[in-house]
Amino acid sequence: MTQRDGGDVIRLLTMRLHALNDLALTLKHIHWNVVGPHFIAVHEMLDPQVDSVRDMTDTTAERISTLGGSPPGTPGELVAQRTWEDYAIGRAESIEHLGALDLVYTGVIEDHREAVRATDVSDPVTQDMLLEQLRSLELFQWFVRAHLESAGGALSTASASSERDAAHKATEQARKQP
């Protein structure tokens, strides 16, 4: 790998590290702020996801170090460099959080897929790490979406444009179901 390619991969992984750290914090935020009749199911579903995402952050940071970079691990760096807003939902019903979380997962997964494409030639080791992370991220999104889909496969958040919109659409679909 050239020095330039290494620098590009470090910059790409730094943004993945920020996204994963943010996701871990968001999952824990939801874990603490979920209420309603499905509280315990969602509350307990999220802790293994948090643990897995935290492992992903460690692996990503170690890959940055392996490539000669310095992984930024402070909240200030995350906030200064991220390209997304804070999670928009506070204390809310399970279905609202799951609707919003679906959009969070979509964003993280889409950006991870871009990173996989960007490392196809320059760094197959990093690409392999990202692919392994995608396997888990997509599985976790499937767990979330199982609460948001109708028996016919219609996803309540399919046309949502924001976390609040996704939370609202998920709630509306849930109200229509028996």
Side-chain angles (χ1 to χ4, degrees), residues 1-31 42 44-89 97-149 153 155 157-158 160-163 166:
M1 178 182 328
T2 67
Q3 189 172 8
R4 180 176 179 214
D5 285 346
D8 290 345
V9 172
I10 289 168
R11 283 185 289 284
L12 180 144
L13 287 177
T14 296
M15 292 309 294
R16 297 295 75 232
L17 179 62
H18 289 325
L20 291 169
N21 271 320
D22 189 76
L23 177 59
L25 290 168
T26 298
L27 289 166
K28 209 56 179 171
H29 169 82
I30 295 168
H31 173 85
V42 173
E44 290 183 352
M45 176 181 74
L46 294 178
D47 269 339
Q49 293 182 29
V50 171
D51 293 342
S52 180
V53 172
R54 284 181 177 160
D55 286 344
M56 291 177 204
T57 63
D58 192 50
T59 303
T60 303
E62 288 171 354
R63 183 66 183 153
I64 292 169
S65 293
T66 300
L67 293 171
S70 176
T74 63
E77 284 293 312
L78 187 161
V79 172
Q81 293 182 15
R82 72 181 178 188
T83 57
W84 57 91
E85 298 296 321
D86 270 339
Y87 183 73
I89 311 298
H97 277 299
L98 292 171
L101 182 56
D102 180 44
L103 261 60
V104 171
Y105 269 124
T106 294
V108 172
I109 288 167
E110 286 175 354
D111 290 347
H112 250 63
R113 285 185 172 280
E114 282 183 36
V116 166
R117 286 188 290 276
T119 56
D120 186 42
V121 174
S122 65
D123 190 0
V125 174
T126 293
Q127 184 183 54
D128 183 61
M129 177 194 75
L130 293 167
L131 285 168
E132 188 60 34
Q133 292 174 357
L134 270 169
R135 283 182 189 90
S136 294
L137 293 168
E138 289 177 353
L139 178 68
F140 299 154
Q141 187 176 40
W142 175 57
F143 293 166
V144 168
R145 283 187 168 181
H147 297 266
L148 303 170
E149 286 182 293
L155 181 64
T157 57
S161 59
S162 70
E163 291 164 4

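For clarity, every value in this text was computed on a predicted model and none was experimentally measured.
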### Message
To the closest 0.5 Å, what do you measure between CD1 (Ile10) and CG (Asp5)?
### Response
11.0 Å
### Query
Heavy-atom distance under 4.5 Å between the side chains of Met45 and His147, does that happen here?
yes
### Query
Is Ser122 close to Val9 at the side-chain level, that is, under 4.5 Å between some pair of heavy atoms?
yes
### Task
Take Glu132 and Thr59 through the test side chain to side chain donor-acceptor pair (under 3.5 Å) and record every step on the way to the result.
CA-CA 11 Å; Glu132 188 60 34; Thr59 303; over 6 Å; no
### Stepwise side-chain contact (heavy atoms from CB on, under 4.5 Å) check, Tyr105 with Thr26
CA-CA 11 Å; Tyr105 269 124; Thr26 298; over 6 Å; no
### Task
Pick out which of Asp123, Asp128, Asp58 makes a salt bridge (Lys or Arg N to Asp or Glu O under 4.0 Å) with Arg63.
Asp123
### Message
Distance check, rounded to the nearest 0.5 Å: His18 atom NE2 versus Thr60 atom OG1?
### Response
11.5 Å
### Task
Drop me the distance from Ser162's OG to Ile89's CD1, to the nearest 0.5 angstrom.
7.5 Å
### Message
Are the side chains of Asp111 and Met15 in contact, using a 4.5 Å heavy-atom criterion?
### Response
no
#### Entry: Sub-4.5 Å side-chain heavy-atom contact between Phe143 and Leu46
no
### Query
Taking only residues two or more places apart in sequence or in another chain, which ones pass side-chain contact (heavy atoms from CB on, under 4.5 Å) with Asp102?
Thr106, Gln141, Val144, Arg145, Leu148, Leu155, Thr157
### Message
To check you understand the geometry: which heavy-atom pair defines the closest contact between Asp22 and Leu78, and what is its length?
### Response
N-CD1, 3.8 Å
### Query
Is it true that Asp120 and Arg117 make a salt bridge, defined as a side-chain N closer than 4.0 Å to a carboxylate O?
no
## Note on the structure
When rounded to the nearest 0.5 Å, the distance separating CZ of Arg113 from CG of Leu131 is 8.5 Å
### Message
If you define the side chain from C-beta out and look only at heavy atoms, does anything of Leu130 sit under 4.5 Å from Leu134?
### Response
no
### Message
Testing the basics here: between Ala115 and Leu12, what is the closest heavy-atom pair and its distance to 0.1 Å?
### Response
CB-CD2, 3.4 Å
### Summary
Rounded to the nearest 0.5 Å, the CG atom of Asp55 sits from the CG atom of Leu20 at a distance of 11.0 Å
### Query
Quick one: are Asp86 and Val79 in side-chain contact, heavy atoms under 4.5 Å?
no
For residues 64-72, dump all side-chain donor-acceptor pairs below 3.5 Å to protein atoms at least two apart in sequence or in another chain.
{"from": "Ser65", "atom 1": "OG", "to": "Ala61", "atom 2": "O", "distance (Å)": "3.4"}
{"from": "Thr66", "atom 1": "OG1", "to": "Glu62", "atom 2": "O", "distance (Å)": "2.8"}

### Message
If I compare all heavy atoms of Gln133 with all of His112, which pair ends up nearest, and what's the gap?
### Response
OE1-NE2, 2.7 Å
### Worked check of side-chain contact (heavy atoms from CB on, under 4.5 Å) between Val108 and Met56
CA-CA 12 Å; Val108 172; Met56 291 177 204; over 6 Å; no
### Message
So which atom in Val50 and which in Lys28 form the shortest heavy-atom distance, rounded to 0.1 Å?
### Response
CG2-N, 3.9 Å
## Note on the structure
Correct closest heavy-atom pair for Glu163 and Ala100 would be O-CB, 3.7 Å
### Query
side-chain contact (heavy atoms from CB on, under 4.5 Å) between Val125 and Thr119: does it pass, once the steps are laid out?
CA-CA 9 Å; Val125 174; Thr119 56; over 6 Å; no
### Query
What pairs meet the ring pair (Phe, Tyr, Trp, His ring centres under 6.0 Å) rule with one or both residues in residues 51-87, with sequence neighbours excluded?
His29-Tyr87, Tyr87-His97
### Query
Of the non-hydrogen atoms in Leu103 and Ser161, which two are nearest, and what is the gap between them?
CD2-C, 4.3 Å
